[in-house]
Amino acid sequence: MKRLRNKYTKDERVRFISHLDLLRVFQRALRRADIKVAFSQGFNPHPKISFGPALVVGATTEADYMDVDLEEEISAEEFKKRMNKVLPPGIKIVESYEVDVNDPLSKRIKAAEYILKVNFKKNCKDVENKLEEFIKRDAIELEKETKSGKKMIDLKFYLLDLKALEIKEGYLKLYIKLKLEEGVPNPLNLLKALNEYLGDVFEMDSYKLHRKNIILE
Amino acid sequence: MEDLKDKIDALFIKVNKPTRYTGGELNSYIKNPEDVKMRFAFAFPDIYEVGMSHLGLRILYHLLNKREDVYCERVFAPWVDMEKLIREKNIPLFSLETKTPLHKFDFVGFTLQYELSYTNVINMLDLGGIPILSREREGLPFVIAGGPCAYNPSPLSEVIDFFVMGEGEEVINEVMDAYVDWKEKKGEREEFLEIVSQIKGVYVPKYYIEEYNKDGTIKDIRPIKKGVPEKVKKRIVKDFENVYHPEEQIVPFMDIVHDRIMLEVFRGCTRGCRFCQAGMIYRPLREKSKEKILELTDKLVKSTGYEEISLASLSTFDYSQIEDLIKELIEKYKDKGVGISIPSTRVDALSINLLKEIQKVRKTGLTLAPEAGTQRLRDVINKGITEEDILEATKEAFSAGWNNIKLYFMIGLPTETIEDVEGIADLAYKIVDNYKKVRGNVKNLKLTISTSTFVPKPFTPFQWARQDSIKEIIEKQDLLKKKLRSKVLKYNWHNPYMSFLEAVISRGDRKVGRAIIKAWEKGCKFDGWEEYLNYEKWEEAFKEAGVNPYFYANRERSLEEVFPWDVIDVGVNKRFLIREYKKSQERRITPDCRLYCTGCGVKDFDEGVVCFEAPKKQIYKR
């Protein structure tokens with residue numbers, strides 16, 4: 001058995017497919033490519049594929065990761081080539097390399113960088129300064145839905161960087177860097193908190209979110 | 001155009017399950033609309049998850065797109081959240097592939113699978129910027145329809161420009177060819193309708209008139225245009241072995257109702273259940289060879305990567321080489337983790353044994369359909385199984401390890417009495433006892449009993465029968481709810497108001513069509529969805545259209561009555577249907593016609609129509 005770590009992209013065409021959908025996409029692509037995946041033992045065996053934390057539905061990415069354990073001897077380069085032939089339009093493996101089978105992806109992923117664009121629904125002056133004030137607060141509290149109900153968390157603990165890339169009449173483009181692991185707040189949680197802070201200035205369902213990079217350790 | 005695409009793109013983030021509308025799935029077609037001569041919108045009047053599970057769509061989509069001069073795209077009924085948005089923003093209903101408004105296509109083709117989707121047909125036209133009435137469509141697409149419900153074209157005859165009767169694989173190409181010709185000659189709309197009215201299988205409603213007697217029954221239905229056929233004969237694919245079957249299939253991103261490879265192993269059914277419309281209208285029986293099926297499976301697994309293959313037909317265990325086929329498929333695909341599923345299970349030990357093999361690869365549920373609770377009633381409906389068969393099959397299943405079994409029954413069948421209804425419960429408890437005998441206790445047993453309500457359908461031996469009143473249906477359901485109260489039993493029943501509407505529309509005439517339009521005007525849509533059915537609005541619609549719905553659903557017809565669908569010829573003739581209806585009243589059964597020909601008439605329907613005959617030794621005993 002060997003483990004391949006794969007960096008893949010998901011563009012505009014497939015930005016609405018969910019994390020669960022994506023798992024099926026890769027399973028079926030593996031079958032089309034006729035690549036033998038390792039299966040877990042037990043009553044209900046499932047293919048050994050693991051992903052990093054889910055990307056929010058509607059977002060694109062150019063640097064998400066997926067690990068797959070293979071039963072057959074196949075080079076990373078060959079794997080990438082065969083998979084890209086059969087993946088649906090919009091999903092592509094850009095990098096593939098072998099890692100130790102005892103090297104879990106989840107332990108490696110540390111942080112992610114995002115570009116977030118959102119439209120203003122009303123005028124907002126002095127955005128740059130307000131952003132700075134927003135970050136400089138002692139705590140950035142926000143409510144997050146979890147499996148066990150709503151709870152308050154401090155975004156500050158997760159936020160590594162936030163700055164405006166473009167401030168235009170109609171929209172704002174942000175650079176966001178957040179810690180990344182299961183259950184952490186995502187850029188939309190941040191957007192919500194920022195919107196409240198600025199006094200409800202964004203058209204909240206007009207956003208475009210792109211994951212620019214995932215930082216591995 | 002680009003502007004519209006942006007507007008549509010901005011909607012996706014606001015709706016539930018956006019991949020219902022985004023397209024772009026594996027094996028869907030991307031073509032440049034400017035490179036083709038015809039743009040065809042395949043319209044399914046229900047949501048994506050339902051429509052994408054339909055084999056007919058999958059066949060015709062690929063068949064049409066194989067043509068270089070055609071671009072076939074898909075459109076489904078938008079769910080209510082999306083409809084609200086596009087109405088608010090004045091965005092016309094669009095295709096998945098290129099986001100083109102419906103009114104820009106050359107054809108909009110609906111498949112009619114279910115009567116309660118008719119308001120969705122009308123709603124989709126309206127959303128797509130196409131007038132809902134055929135006569136108001138000058139300069140706009142031709143709206144056509146096919147599918148099993150089209151065999152009674154009357155209710156939608158003011159909405160649909162023309163119907164295509166029977167199997168579409170060949171006739172759709174003839175219609176497309178005629179269109180290219182007509183378009184090149186820059187013909188009038190009327191001329192095209194005249195041309196297609198000469199294609200076998202095409203019914204142009206406006207060339208026919210429905211006349212009524214004083215009592216509201218039909219006096220006559222006849223052509224009012226010279227040269228159109230008195231009776232429109234359905235189309236039958238004669239060479240089923242070699243007829244087009246897609247070698248690829250769209251693989252949706254989201255989970256759909258039937259998310260697997262669908263491979264049609266045979267068409268038609270020989271069992272002759274008297275309530276079953278599919279069993280009559282899809283005759284004659286035609287099988288694909290085992291070799292052909294294996295070849296297609298291979299291509300489909302390679303092109304889709306699906307983990308499951310469904311062997312589709314009306315009764316797959318009746319396939320003449322079913323044992324060999326299943327064994328070979330399992331052998332071939334078990335290492336790849338590809339399982340097999342069979343949509344319906346025959347009630348016998350052989351089938352259970354085959355299912356045992358199948359579920360070694362992939363767990364599968366077990367569903368049996370005794371249809372009626374007593375032997376008397378099973379004989380009336382010609383469901384050729386005995387109580388012994390049922391008990392033996394379930395016992396076999398329990399020994400093989402199944403704990404969950406589903407049983408399907410129908411209530412309201414002709415001649416049904418309270419004893420027959422109680423018989424459903426009695427049978428359920430006998431099966432529970434069986435489980436106890438095999439397993440020692442009933443700790444893990446879960447037996448689901450579902451009843452649908454009998455709906456008399458055109459072209460069946462029961463097309464003359466009445467449907468139970470809503471009150472009678474509810475009484476029978478209440479009786480079963482009481483009788484089936486047990487920890488190990490679960491009882492599901494079908495909404496009686498839906499079954500009633502289905503009965504009104506399925507045997508409806510053109511007058512019923514006006515009530516459907518009225519109901520849509522009042523906001524009815526998704527009538528087959530529990531949460532959206534609004535029966536009060538339907539009652540108002542019937543009243544305002546001057547239609548008495550009970551006249552259509554609950555009235556027994558005389559054998560002489562003229563039906564709206566008498567203008568269509570499905571191959572099975574009325575003499576046979578009458579004979580079967582009479583035999584049902586005498587509780588006489590008719591054997592499976594794989595044993596010997598029972599004379600339904602389909603063999604004499606057309607030159608070259610042949611019923612499949614299996615080598616004698618492979619015919620099972622019944």
Side-chain angles (χ1 to χ4, degrees), chain A residues 10-40 43-49 56-60 71-72 82-91 116-119 171 188 191 202-209, chain B residues 5-30 48-49 81-82 85 96-97 99 248-256 259-261 298-309 333-339 359-363:
Chain A
K10 216 176 120 187
D11 73 17
E12 285 284 326
R13 288 171 288 181
V14 287
R15 68 189 176 109
F16 290 105
I17 73 172
S18 71
H19 200 59
L20 196 67
D21 294 339
L22 198 65
L23 175 65
R24 274 199 301 265
V25 164
F26 275 105
Q27 284 176 4
R28 288 169 184 168
L30 284 161
R31 202 172 287 114
R32 289 194 294 276
D34 210 8
I35 293 168
K36 264 206 180 126
V37 190
F39 273 74
S40 66
F43 181 70
N44 214 346
H46 56 271
K48 288 183 144 181
I49 301 175
V56 295
V57 173
T60 50
E71 221 33 284
E72 66 180 300
R82 270 163 66 180
M83 286 296 280
N84 281 337
K85 248 192 207 158
V86 296
L87 278 165
I91 300 170
L116 177 64
K117 188 185 154 202
V118 63
N119 293 342
Y171 68 87
L188 296 184
L191 183 67
F202 297 131
E203 213 180 293
M204 286 300 282
D205 54 13
S206 73
Y207 68 84
K208 285 237 160 129
L209 179 64
Chain B
K5 264 192 184 169
D6 289 343
K7 273 191 187 163
I8 291 170
D9 205 51
L11 298 175
F12 295 145
I13 203 99
K14 304 176 195 200
V15 297
N16 193 17
K17 302 188 180 173
T19 43
R20 282 171 174 163
Y21 315 100
T22 49
E25 311 94 320
L26 184 82
N27 296 332
S28 61
Y29 273 83
I30 302 295
Y48 179 90
E49 297 94 303
D81 57 347
M82 181 57 113
L85 278 177
L96 268 59
E97 280 77 0
K99 316 288 181 287
E248 63 277 294
Q249 193 180 296
I250 293 174
V251 184
F253 291 118
M254 70 186 295
D255 203 7
I256 60 168
D259 201 13
R260 52 188 76 99
I261 290 171
D298 201 41
K299 289 176 173 159
L300 282 159
V301 170
K302 280 198 180 109
S303 68
T304 64
Y306 262 126
E307 54 287 330
E308 193 175 337
I309 306 159
Y333 295 110
K334 65 172 186 233
D335 292 341
K336 290 190 168 168
V338 179
Q359 83 150 0
K360 282 179 190 159
V361 182
R362 190 168 289 269
K363 294 267 171 287

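Naming: A, B, ... by sequence-line order, numbering from 1 per chain. Computed from heavy atoms alone, side chains included, the values below leave out hydrogens, waters and symmetry copies. Given the structure is predicted, the values throughout are model-derived calculations rather than measurements.
Across A/Asp205 and B/Ile13, no two heavy atoms sit closer than the pair O-CG2, 2.9 Å. Between A/Pro89 and B/Gly24 the shortest heavy-atom distance is CD-O, 4.3 Å. What you find for A/Asp34 and B/Lys336 is that their closest heavy atoms are OD1-CE, 3.5 Å.
Proximity of A/Arg24 to B/Asp255: side-chain heavy atoms (C-beta onward) are separated by under 4.5 Å at one or more points.
Atoms OH and CZ, on B/Tyr306 and A/Arg32 in that order, are 10.0 Å from each other to the nearest 0.5 Å. With values rounded to the nearest 0.5 angstrom, B/Lys17 atom NZ is found 10.0 Å from A/Asp21 atom CG.
Only the side chain of A/Lys208 comes within contact range of chain B, judged by heavy atoms closer than 4.5 Å. Residue B/Asn27 does not touch chain A at all, counting heavy-atom pairs closer than 4.5 Å. When heavy atoms are compared at a cutoff of 4.5 Å, B/Lys302 approaches chain A solely by way of its backbone atoms N, CA, C and O. Neither the backbone nor the side chain of B/Asp335 comes within contact range of chain A; no heavy atom of the residue lies under 4.5 Å from a heavy atom of that chain. Looking at B/Ser303, only its backbone comes within 4.5 Å of chain A, counting heavy atoms on both sides.
Applying the side chain to side chain contact (heavy atoms under 4.5 Å, CB included) test between A/Phe16 and each of B/Tyr21, B/Phe253, B/Phe12 identifies B/Phe12 as the sole match.
Using a 4.0 Å cut-off between charged side-chain N and carboxylate O, B/Asp9 and A/Arg15 make a salt bridge.
Ranking B/Val338, B/Val301, B/Ile30, B/Thr304 against chain A, the residue ahead of the rest is B/Thr304, based on heavy-atom pairs under 4.5 Å.
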